[in-house]
Each structure stands twice: as C-alpha cells, then as structure tokens.
Amino acid sequence: MSENTSMQSIGTRPVTVERAIPVTYDLGNLSVFDTNMMDSEIMSSTDEAKKEVYLQSLSRDSAQLLVNQILALPVVTGGRTGGDVNHTDGVFVKLPDPTTQLPREKPIPVAKPLTKWEKFAKQKGITPKGRNTGNLIYDEAKGEWVKKWGYKGKNQEEPWLVELNEKAENGNGEESGNKSKGTKKSKK
Amino acid sequence: MMRIVKPKNARSKRAMDNRSPKAIENTKRALTVRGSTCGILVQNAMTDIARYKQPDIKKFQKRNEIHPFEDASSLEFFSQKNDASLIIFGSNSKKRPNTLTWLRTFNFQVLDMFELKILNYKAMSDFKKLTVNVGMKPLISFAGPIFDSHPHFQMVKSMFLDFFRGEQISMLDLAGLQYIISVTASGDGNISVYSGDTSKLPSINFRVYKIKTYKSKTQNKVPRVELEEIGPRFDFQLGRVREADPDMLKQAMRIPKELQPKAKKNVETDLIGDKVATIHVGKQDLMKLQTRKMKGLKKRRKDEFEDEVDEIEDVIISDEEQPKKRKRQIK
C-alpha cells in the first residue's frame, strides 16, 4: 500500500528540530515564538508553491518543537478533577500558567463598600449562623453517616435502655404496664 | 447611555455577575461586524476566521455605516451590549480594498486597533475537508523577528494570541492538540514606525494546518508531527494602526492581588544552588529544659531513702556514698 510506504518513511524522519536561535514557548497559551530570520529570497519570490512549501515546513518544525515541549509536561491520568462530567478517562498534561501577558477586558474589581448592616455586624462580631448542613450526621458508634431524620433516621431509633418504674413492678419481679414505651408505633 | 439593569431574580443576577469585572476573567468574546461596503470576499473571510473562535463569537448580519478610525463609538456600544471585547470589522473601499479592522476594548472603550488588508485569500472550502472539532484550543506559532522588534507587529501578535487562544485551561487532553495557526512575517522590522509608508512593511502570512502525529522509530514517546493545510489562507498587509493609550494600557495590564505570585519568605537559594531556609524558633526557657534521665537524681520520699540505706551493709555504704557524690557533680 502506498500509504504504508509513506508511513514508513515518515517513521524514520527525525523528531528533533535544529534552530539557530532557540525558540521561546508559552505553554499556557500553547504558543511558540521563533525569532530566527526567514529566508527572504523564498518569501519575496513570486513562486507561490515554493513559498507555501517553505511556510509549511517552517510551521511543521515549530509544531514539532511545541509538541515535544507539551509532551515533556507532567502527565495526569484519570478523570479531570473539578467535577467535569464530560471527562472520565484520558491522558492529560498539566499546563503551566501562561507567560505572555495580555490586556484584560474589564478593570480589576473594586471592593464594594460595606453596607450599614455589614459594618455593624463586623463591629459587634456577629457572624452568620451556620447554614443547614444537610440531613447526614456522623454516628461515632457505627462509624458511618446516618440520616438525622426521615426514613431510618437517627431520631427514630428505639431506645436501647428503658428505665422501669419501680412502683409498677410486681412482687414477682415481673414488669407490668405498657412495654411499648419508647418504641415506634408502626403505621397501619 | 446604557441603562443600569437591576436583576429581578437570582438567574438574571447570576448572569449579571458573570458579566461584571472579576479577578479571573471569562474567555474574551468576539464580534464580526459588516461595514456598509463589505463585500462577499470579506464576509467569507470573517466567517472562516470565526470558525476558529466558536463558540465565543457572534456574527452580525446587517451592514453598518461605521468608520472605526474616525469614530468607534458604535463599535463600543456593540461591545458593551454583547459583552464582547474583540471586534473584527470588515469593509471594502476603493482606497482600502478588502480590509479587516481588528480591535480590542478595555472596559468597553477602544484599547487598540489595526487594519489588515487582505492581499490573498483562499477559503476553507477550497481546501481538502478535514474537520477540527469546534472549541478546540489551537497551537499558535509566530515566526519572524519582526514580531518582537516592531511595535505594530507586537500588537498584531498580541491581538492574534488574545483572539485565538480560547479558554484558559490547566489540564490539556492530548487528543485536543488538533490544529496549529501559524503566523509569519519576513524581514527584521528595521523600518521606522513613523515613516507612514505601510507598503514597505512585510506582509503577514496566516496559515492554519491540521496536526497529524505518526509513530517515530527514532524515539518511542515523541511522535513525528506532520501538517496538512485546512485553511483559511491569508496574506495580510498591515494598514493603519491606533496604538493603545498608555494610561489605559497600564490599567489593562494590571494583575489583581489574588493572582500575583506570593513571595516565599525565609527561603533562599544558595550560590551552589541549594535551597536554604531559615526557621525561626521561639525563645527557650532553660529552667524547663528536659535533660537526660538520671535515676539517682530523682527526688524520692525520705523514708524510702532511709530504708534503702539500712538495707545496705557497712562496707558498701562508703562505696554507695562515693558514686552518689559523683553523680551530683556531673549534674
């Protein structure tokens, strides 16, 4: 197959690129900056095809350099953190922060002046009460999270110890009275 | 001019807060606006460029009588209404045929802009159809020393980076490296900025290639990169330029305190290259120092002591006394 032969020849081509002046990178922006002088003869020639071939080979070299740098970055396998549902598995590289500084689109936010209440609260030391932490609570005895209320909730546990009323006890030592104290009545 | 909208529900408040100034900003959005004389070539050119900015771009359909270099106020209004800080304005006139004006706003006011005349244009449809997924981050390459030396070309580089770089991400999926935008300009830029003769400036070549990787026999991990042009192909000629007002630029380049790198105190790197740190230990109370345990020095109850002494025979008593003394001296 012709494709195989071309693949073979591609496989033997080098993955390193030689440049007179080393290129600079901005990996956060996936960019490469090459300050080497371009071949002015080819660039100013009228031969379009020759120029395109030159530009493509130049771009290919820059792309190769950039890909080499990106692949040298630390690899993180597995799902992307941050709860991104679209990414489950995959090979990720951790990109550094961009180095080229580009202008912002909006000014830096100014801290809003405190409202009258906020000022008062700050002065008095009033903090907002803790928000509803949900239904789950940690049960030390069981060593797991159980519901505070609701179906099979902790507040519906039957007490493991029920005190007896001494007067109600018979002489025999038997208990009298309603033994269902503290137990939950089942729905009919 | 813009009336201040008061949010009526939580949803609109969230939308408003998203648009408000933030420490870490959203991806810059863009607009393509057609001038009154914008022809089909410029329209197609803008559509092709917009393809690589999707989904953060909005294309206007109607023609607008605007001259950016004279009065950019209507463009500023569009920018504010659509929350778009990048605008490409396409126009065509006898004096300036097939021109794209690229401009950036800061706080919805024009920061800087320049004209790029299209000398050559080959549309995406003229190339072999190779799809690149929408919203992918491109690799961007700038070649030519003029992009570092000439201030106008530096502006072009900055604008292209701003426009094409896309969303800011910290984790990159290697499958997402799909295409490269290559911007080149020959010459060394030793042309005076103020000469006014823009025709002497080198043309800017804008090419887009799809990246294909092949397994390399030379090195196992690093693949061989090959490119295939997917277009569009542009040769631009830089025209009029409006540089940024230095005060506005200074404000725009400010980094908020939250994002400034925190200097690590008490850690220095040696001349040799070793990392040396100073640990500040608090003052020690020497009276409460814990020294080695010496059983003989322990304070015992008096009766216990006397009992022990009685147990020991006479001969040894003298020996006993001696070592005790020695122990005390060591203290």
Side-chain angles (χ1 to χ4, degrees), chain A residues 7-8 10-16 21 26 28-40 42-44 48 51-52 55-56 58-60 62-64 66-68 70-71 73 75-76 80-82 87 90-98 100-110, chain B residues 20-23 25 28 85 104-107 111 137-145 147-148 158 161-162 165 168-175 177 180 182 184 186-188 202 205 207 209 211 213-219 221-227 229 244 249 251-256:
Chain A
M7 290 280 280
Q8 275 177 10
I10 291 172
T12 53
R13 289 184 205 166
V15 287
T16 52
I21 306 168
D26 180 359
N29 283 327
L30 298 179
S31 311
V32 57
F33 308 113
D34 180 8
T35 48
N36 288 293
M37 282 294 286
M38 303 189 68
D39 190 330
S40 52
I42 301 176
M43 291 297 278
S44 51
E48 285 280 328
K51 188 173 155 187
E52 287 309 314
L55 284 179
Q56 185 155 339
L58 195 70
S59 306
R60 192 224 72 83
S62 295
Q64 180 76 67
L66 190 51
V67 167
N68 292 355
I70 290 169
L71 291 174
L73 289 171
V75 176
V76 179
R80 206 161 89 167
T81 54
H87 286 257
V91 184
F92 296 95
V93 290
K94 178 120 179 40
L95 288 181
D97 289 334
T100 332
Q101 218 219 328
L102 295 166
R104 290 172 60 94
E105 60 172 352
K106 290 169 191 147
I108 296 170
V110 183
Chain B
S20 67
K22 297 190 270 198
E25 297 196 306
K28 281 194 183 180
S85 49
R104 267 195 288 222
T105 60
F106 174 70
N107 204 14
L111 178 66
K137 246 177 111 81
L139 299 188
I140 311 178
S141 151
F142 288 92
F147 285 113
D148 273 352
S158 169
L161 261 178
D162 225 348
R165 70 168 170 165
Q168 204 54 35
I169 50 170
S170 59
M171 303 264 252
L172 175 76
D173 189 349
L174 289 175
L177 296 173
I180 177 166
S182 169
T184 54
S186 60
D188 50 12
N205 306 301
R207 305 284 182 272
Y209 305 99
I211 294 172
T213 50
Y214 296 95
K215 241 184 172 167
S216 166
K217 281 184 188 171
T218 52
Q219 255 195 302
K221 276 213 158 182
V222 177
R224 166 84 187 175
V225 166
E226 290 294 337
L227 304 179
E229 199 170 355
L249 187 66
Q251 251 209 318
M253 289 299 211
R254 275 179 65 194
I255 304 172

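No experiment lies behind these values; they were computed from the predicted model shown. Sequence lines set the chain letters: A, B, ... in the order given, protein chains first and strands last, and positions in each chain run from 1.
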Could you list the residues that satisfy side-chain contact (heavy atoms from CB on, under 4.5 Å) with B:Lys137, not counting sequence neighbours? A:Leu30, B:Ile169
Portion of [X] that has a non-hydrogen atom of chain A nearer than 4.5 angstrom:
X        : answer
B:Thr213 : neither
B:Glu226 : both
B:Leu227 : both
B:Lys28  : both
B:Ile255 : both
B:Asn205 : side chain
B:Thr105 : backbone
B:Phe147 : neither
B:Asp162 : both

Specify the closest pair of heavy atoms between [X] and [Y], including all atoms of both residues, with the distance to one decimal.
X        : Y        : value
A:Pro98  : B:Arg165 : CG-NH1, 4.3 Å
A:Arg104 : B:Ala23  : NH1-O, 3.0 Å
A:Ser59  : B:Ile180 : O-CD1, 4.2 Å
B:Pro223 : A:Val15  : O-CG1, 3.5 Å

Can you tell which of [options] has the highest number of heavy-atom pairs within less than 4.5 Å of chain A?
options                      : value
B:Gln251, B:Glu229, B:Arg207 : B:Arg207
B:Pro138, B:Pro256, B:Ser170 : B:Ser170
B:Ala175, B:Ser158, B:Ala244 : B:Ser158

In a check of side-chain contact (heavy atoms from CB on, under 4.5 Å) between B:Leu172 and each of A:Leu73, A:Val91, A:Val93, A:Val76, which one passes?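 Among the candidates, only A:Val93 passes.
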side-chain contact (heavy atoms from CB on, under 4.5 Å) test vs A:Leu66 passes for just one of B:Val225, B:Ile211, B:Leu139, namely B:Leu139
Under 4.5 Å from any heavy atom of chain B, what part of A:Leu71 do you find: side chain, backbone, both or neither?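 Only the side chain of A:Leu71 comes within 4.5 Å of chain B.
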Under a 4.5 Å heavy-atom cut-off, does chain B meet the side chain of A:Pro14, its backbone, both or neither? both
Gap between atom OG of B:Ser85 and atom CD of A:Glu105 - 0.5 Å precision: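 Between atom CD of A:Glu105 and atom OG of B:Ser85 there are 3.5 Å.
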